There are 2 protein chains.
Amino acid sequence: MTTASKPRTAAKIPMRDFSQSLPMSLLRTRESVMRHFRPSLRAHDLTEQQWRILRALAASGEIEVTELARVAFLLGPSLSRILRDLEGRRLIERRLLKADLRRSIVSITSKGLKLIEAVAPTSEAIYAEMTKRFGARKLSDLQALLHELEAALLAMPAADGADGDDTGE
Amino acid sequence: MTTASKPRTAAKIPMRDFSQSLPMSLLRTRESVMRHFRPSLRAHDLTEQQWRILRALAASGEIEVTELARVAFLLGPSLSRILRDLEGRRLIERRLLKADLRRSIVSITSKGLKLIEAVAPTSEAIYAEMTKRFGARKLSDLQALLHELEAALLAMPAADGADGDDTGE
DNA sequence: GCAAAGTGATTAACATGTTAAATTGTTGCG
DNA sequence: CGCAACAATTTAACATGTTAATCACTTTGC
């Protein structure tokens with residue numbers, strides 16, 4: 001090791017080892033997964049989010065923007081920018097809903113579908129290799145736990161920013 | 001025209017249900033966790049990344065920038081910007097290493113420590129509530145699987161962008 | 001010693017995350 | 001009808017993610 005300076009910041013408050021916090025674990029694991037997919041996406045000039053959108057469109061056909069945001073797990077503003085770009089590249093199309101001109105319907109073009117078909121095999125191969133290395137059983141256990149945790153936290157009321165250190169309202 | 005409003009885009013390539021892909025699961029779960037922590041951080045004018053840096057510094061004392069980037073799981077450019085900001089707020093300090101003027105050592109200030117002490121109780125309380133709702137055993141099972149997967153993927157060679165559709169080189 | 005190669009950190013440039021505000025269109029109601 | 005409240009989407013503004021380039025400094029080989 002390099003100069004091991006004393007961990008002179010013995011926090012008075014005992015906090016979980018930072019590197020083992022749940023958000024960090026989830027972040028690191030996700031990155032270790034994405035690291036394998038990014039090169040293939042990049043070879044086709046796609047970012048991870050653009051790929052999510054194309055995948056979602058291929059799976060659901062026509063879909064409204066708000067619903068697409070929910071499915072692809074993107075916030076409205078991000079989605080708005082990305083759709084503008086993908087539309088410019090003719091990978092998706094938009095049309096207004098006659099019944100409500102505020103809404104628009106997004107769909108993937110045949111060019112977009114071709115792109116998916118070009119990327120999917122590599123993507124699936126990587127996923128298969130991951131499954132093989134990690135174990136199909138453990139993978140499905142992991143998925144189950146992730147979903148359970150998500151459900152448990154959804155049911156947990158969101159605390160506001162009040163701390164108790166403040167003087168109160 | 002609009003590629004018809006066919007019911008679905010029956011992809012020729014069978015891909016895993018998009019919403020169940022591992023990266024999506026990890027992303028959604030992480031977000032469901034962070035959703036509970038963000039209000040408290042925000043109440044103290046801290047972003048998630050700034051908090052990670054302060055936590056890392058509190059845990060490790062003095063540390064070089066590169067090592068801090070590794071521990072806090074941030075890329076150099078992000079870290080560089082955030083450190084500039086945190087230094088401006090007097091939450092951290094930097095000093096050059098005499099032995100190598102390219103490097104600098106970062107440490108948390110007493111003001112930074114006080115901020116941590118102000119946030120930590122709420123943070124720990126939230127974590128405790130999560131553990132209670134999800135179950136300590138399942139939480140530790142999940143952590144173990146996450147680490148195992150991370151390790152398995154670290155050992156997996158990173159494929160480059162070659163697809164087979166390209167002419168290759 | 002010194003020029004070339006290497007390393008740590010920052011800057012640049014562009015995409016996305018995130019919250020707030022603006023825009024445009026719809027609806028409900030007097 | 002006319003207008004206030006509401007809703008879907010986009011724009012704005014700023015922070016971070018991401019890759020490439022740059023800057024400053026160090027090491028290496030001659």
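Per chain, numbering begins at 1; letters A, B, ... match sequence-line order. These numbers come from a predicted model, not from an experiment.
Between B:Leu41 and B:Glu48 the shortest heavy-atom distance is CD1-CA, 4.0 Å.
Applying the 4.0 Å criterion to OP1 and OP2 of D:dG17, one finds that A:Gln49 has every side-chain N and O outside that range. For C:dG8, neither phosphate oxygen OP1 nor OP2 lies less than 4.0 angstrom from any side-chain nitrogen or oxygen of B:Ser104. When the side-chain nitrogen and oxygen atoms of A:Arg94 are compared with OP1 and OP2 of D:dT10, one or more of them lie within a distance under 4.0 Å.
Protein atom CD1 of B:Ile53 is 12 Å distant from nucleotide atom C1' of D:dA15, rounded to whole Å. The distance from atom CG of A:Leu68 to atom C1' of D:dT10 is 15 Å, rounded to the nearest whole Å. For the pair A:Arg30 CZ and D:dG17 P, the interatomic distance rounds to 13 Å; values are reported in whole Å. Straight-line distance from the CG atom of A:Leu74 to the P atom of C:dA15: 15 Å, rounded to whole Å. The interatomic distance linking A:Glu64 (CD) with C:dT26 (P) rounds to 13 Å, in whole Å. For the pair A:Arg103 CZ and C:dT26 C1', the interatomic distance rounds to 10 Å; values are reported in whole Å. Counting to the nearest Å, the P atom of C:dC14 and the CD1 atom of A:Ile82 are 17 Å from each other. Taking atom CG of A:Asp85 as the reference point, atom P of D:dT11 lies 14 Å away to the nearest angstrom.
Side-chain contact of B:Glu150 with A:Ser32: a donor-acceptor pair under 3.5 Å is absent, judged by distance alone. A donor and an acceptor atom, one from each side chain of A:Glu93 and A:Thr109, are nowhere located under 3.5 Å apart.
With hydrogens and angles ignored, the 3.5 Å screen pairs no side-chain donor or acceptor of A:Ser78 with any backbone N or O of A:Leu74.
For the pair B:Arg94/B:Leu83, a side-chain contact is recorded, criterion being any heavy-atom separation below 4.5 Å from C-beta on. Considering only heavy atoms from C-beta on, A:Met34 stays 4.5 Å or farther from B:Leu26 through its side chain. Inter-residue side-chain proximity for B:Leu149 and B:Leu145 is flagged as unmet; no heavy-atom pair is nearer than 4.5 Å.
Residue contacts shown for B:Gln50 are limited to sugar-phosphate atoms, with no base heavy atom under 4.0 Å away. Counting non-hydrogen atoms under 4.0 angstrom, A:Leu79 reaches nothing in the nucleic acid.
Heavy atoms of other residues, nucleotides or ligands lying less than 6.0 angstrom from CZ of B:Arg90 number 12 at most.
Shown are B:Arg70, B:Arg102, B:Arg103; of these, the salt bridge (Lys or Arg N to Asp or Glu O under 4.0 Å) with B:Glu64 is made only by B:Arg103.
Two end axes, each from the C1' atoms of five base pairs, can be drawn for the helix from C:dG1-D:dC30 to C:dG30-D:dC1; they diverge by 10°, to 10 degrees.
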Could you run down nucleotides 18-28 of chain D 5' to 3' and tag each one B, S or - for protein heavy-atom contact under 4.0 Å?
BBB---BBS--
